[in-house]
J.: 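Quick one: the structure is below, questions incoming.
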Number of protein chains: 2
Amino acid sequence: MARWEPNTRLRLIDAAVELFAENGYEATTVAQIAAHVGVSKMTFFRHFPDKREVLFAGQEEQVKMLHDAVAAAPASATPFETVAAAVVELAAYFPPERREPSARLHAVVASHEDLRERSAFKHARLAQALEQALIERAVPAATAGLAADLGARALREAFVRWRSPGYATDLTVLARETLDEFHEAVDLLG
Amino acid sequence: MARWEPNTRLRLIDAAVELFAENGYEATTVAQIAAHVGVSKMTFFRHFPDKREVLFAGQEEQVKMLHDAVAAAPASATPFETVAAAVVELAAYFPPERREPSARLHAVVASHEDLRERSAFKHARLAQALEQALIERAVPAATAGLAADLGARALREAFVRWRSPGYATDLTVLARETLDEFHEAVDLLG
DNA sequence: TCCTTGATGTGACTGAGTAACATCAAGGTA
DNA sequence: TACCTTGATGTTACTCAGTCACATCAAGGA
């Protein structure tokens, strides 16, 4: 089956990020992305359900990872500790080499409302995964929801800092910092 | 200017909810909604930026209301109290008469992924409004984020219960209950 | 040699969303 | 009365996302 170039999926992702960054998300058509990879429009839609999704490939793995990490926490761990461990574990999948590509990807996502909307949906999906996994650990629903929101928000803030100058380039360090900051902030709610 | 029937915008909203509920979101075209109101497709898009948005009209008012309510809280109020007051104030805009229409609307939104995505985006927008307003009150960023998430989540849960049998039909009562539940749950985070 | 499998291509189609330009009644102004 | 502006609408034509039915063609096994 070596009739076509391999890694079609990855090459489509790279081409999409490049073309979106260069010419803008709206101005780039799916047909252009496909042509850039030497493939037809149909093939694009066989790999991704829609045009936006090409920028969010791999999210489902992260969802599964978070869920499994929560499930694997020791029974003695508090909801916060459980979530924090899962978030840090996820952060470990983003070594410093991934910083620049991540930043480029984020710049594209931030450039268009449709993409920000999809991004918000994915963020909610991460929180939902944490919440569900906590509930399966018999954490009360309200606590599970709050802990999930805290974890997802801390993760997002860690990514923001990761992409900003003046912060550490190790995402796990930033994740721990933001988690601790939010943990302390809990006491200030009143 | 009485050449056309008045309240075109409201009639489009009603027609959309009705047709989506009857025939499904995908199966209903914008042209059908417009025709049902005796208007052209173009007119629909002059009132709503896209097909989904017809189900989320009025959200921006809620965003503004939350922001103003937070800003109007007494200086002595804690972040939780501030957010709770704003959420209850918003809940007051949904008297028992709005329960059935709200439930029908939610059923439509829940029926299609595109609409759930837009809904998640709108939810994030509410949380963002709370967060921003808290920050303008000099609440530390981390605390503001957590309080905003708590408030938005409590509001959502209150709506869920409102639409469920066996709960009060007064949304402000449910909002207070869920806010208190989440407030207590904060202590269980560990 | 035959057959299955899997990834791809082609062409035609629907429907969302946009743009340019026309219409036409209301209400004021000369 | 004649004229003009304004605002909401209609018409037509277009691009592009996304779908569908059907064809292709190499790899690899029976």
Side-chain angles (χ1 to χ4, degrees), chain A residues 1-57 108-109 111-119 121-122, chain B residues 1-57 108-109 111-119 121-122:
Chain A
M1 51 151 83
R3 190 167 27 146
W4 302 277
E5 296 292 320
N7 302 338
T8 302
R9 182 188 176 83
L10 290 179
R11 286 166 49 234
L12 282 170
I13 293 173
D14 288 345
V17 173
E18 178 186 336
L19 293 175
F20 289 162
E22 186 115 359
N23 308 326
Y25 172 73
E26 282 214 8
T28 305
T29 70
V30 170
Q32 285 170 3
I33 300 168
H36 197 266
V37 168
V39 102
S40 78
K41 191 178 85 169
M42 257 315 287
T43 297
F44 179 96
F45 287 112
R46 284 202 177 94
H47 284 277
F48 309 99
D50 60 51
K51 184 182 176 184
R52 302 161 215 92
E53 201 64 18
V54 71
L55 297 179
F56 298 91
V108 171
V109 170
S111 75
H112 197 287
E113 172 108 351
D114 287 5
L115 296 171
R116 291 193 295 271
E117 180 173 10
R118 178 59 54 86
S119 182
F121 200 34
K122 297 297 185 182
Chain B
M1 55 152 80
R3 190 165 30 142
W4 302 277
E5 296 291 321
N7 301 336
T8 302
R9 183 188 175 84
L10 289 178
R11 286 165 52 233
L12 281 169
I13 294 172
D14 288 345
V17 173
E18 177 185 336
L19 292 175
F20 289 163
E22 186 115 0
N23 308 326
Y25 172 74
E26 283 215 7
T28 305
T29 71
V30 169
Q32 285 169 4
I33 299 169
H36 197 266
V37 167
V39 104
S40 79
K41 191 178 85 169
M42 260 313 291
T43 296
F44 178 96
F45 286 111
R46 284 203 177 94
H47 284 278
F48 308 99
D50 60 49
K51 183 182 175 183
R52 302 159 215 93
E53 202 64 17
V54 70
L55 297 178
F56 298 91
V108 171
V109 170
S111 75
H112 196 286
E113 172 107 351
D114 287 4
L115 295 172
R116 291 193 296 271
E117 181 173 11
R118 177 60 54 86
S119 183
F121 200 34
K122 297 298 185 179

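Per chain, numbering begins at 1; letters A, B, ... match sequence-line order.
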J.: Does the Lys NZ or Arg CZ of A:Lys51 fall within the cation-pi geometry relative to A:Phe44 - under 6.0 Å from the ring centre and within 45° of the axis?
T.: no
J.: Less than 4.0 angstrom between a side-chain N/O of A:Thr43 and OP1 or OP2 of C:dG9, yes or no?
T.: yes
J.: A:Leu10 CG to C:dA7 P: how many Å, rounded?
T.: 15 Å
J.: Measure from CG on A:Asn7 to P on C:dA7 and round the result to the nearest Å.
T.: 13 Å
J.: Separation of B:His112 atom NE2 from C:dA16 atom P, in whole Å?
T.: 11 Å
J.: Please name the pair of heavy atoms, one in B:Asp50 and one in B:Phe45, separated by the smallest distance, quoted to 0.1 Å.
T.: CA-CE2, 4.1 Å
J.: So for A:Arg46 and D:dG18, does any side-chain atom that can act as donor or acceptor lie under 3.5 Å from a complementary atom in the base?
T.: no
J.: Please determine if a side-chain N or O atom of B:Thr8 lies less than 4.0 Å away from the OP1 or OP2 oxygen of D:dA8.
T.: no
J.: Go through the steps for B:Val109 and B:Arg118 under the test side chain to side chain contact (heavy atoms under 4.5 Å, CB included), then give the verdict.
T.: CA-CA 9 Å; B:Val109 170; B:Arg118 177 60 54 86; over 6 Å; no
J.: Does A:Thr28 or A:Met42 map to a spot on DNA chain D nearer the 5' end, using the closest nucleotide for each?
T.: A:Thr28
J.: Can you measure A:Glu26 atom CD to D:dA17 atom C1' for me and round it to whole angstrom units?
T.: 12 Å
J.: Whole Å only: how far is the CZ atom of B:Phe44 from the P atom of D:dT11?
T.: 18 Å
J.: In whole angstrom, give the distance that lies between atom NZ of B:Lys51 and atom C1' of D:dA17.
T.: 13 Å
J.: What are the two closest heavy atoms between B:Ala57 and B:Arg9, and how far apart are they?
T.: CB-NH2, 3.7 Å
J.: Heavy atoms only: give me the nearest A:Ile33-A:Leu19 pair and the separation to one decimal.
T.: CA-CD1, 3.8 Å
J.: Give the rounded distance in Å between these two atoms: CZ of A:Phe48 and P of D:dG18.
T.: 13 Å
J.: Is the phosphate of C:dT8 approached by A:His47 (side-chain N or O, under 4.0 Å from OP1 or OP2)?
T.: yes
J.: Measure the distance from CD1 on A:Ile33 to P on D:dC16 and round it to the nearest whole Å.
T.: 13 Å
J.: Does B:Lys41 make a side-chain donor-acceptor contact with the base of C:dG17, cut-off 3.5 Å?
T.: yes
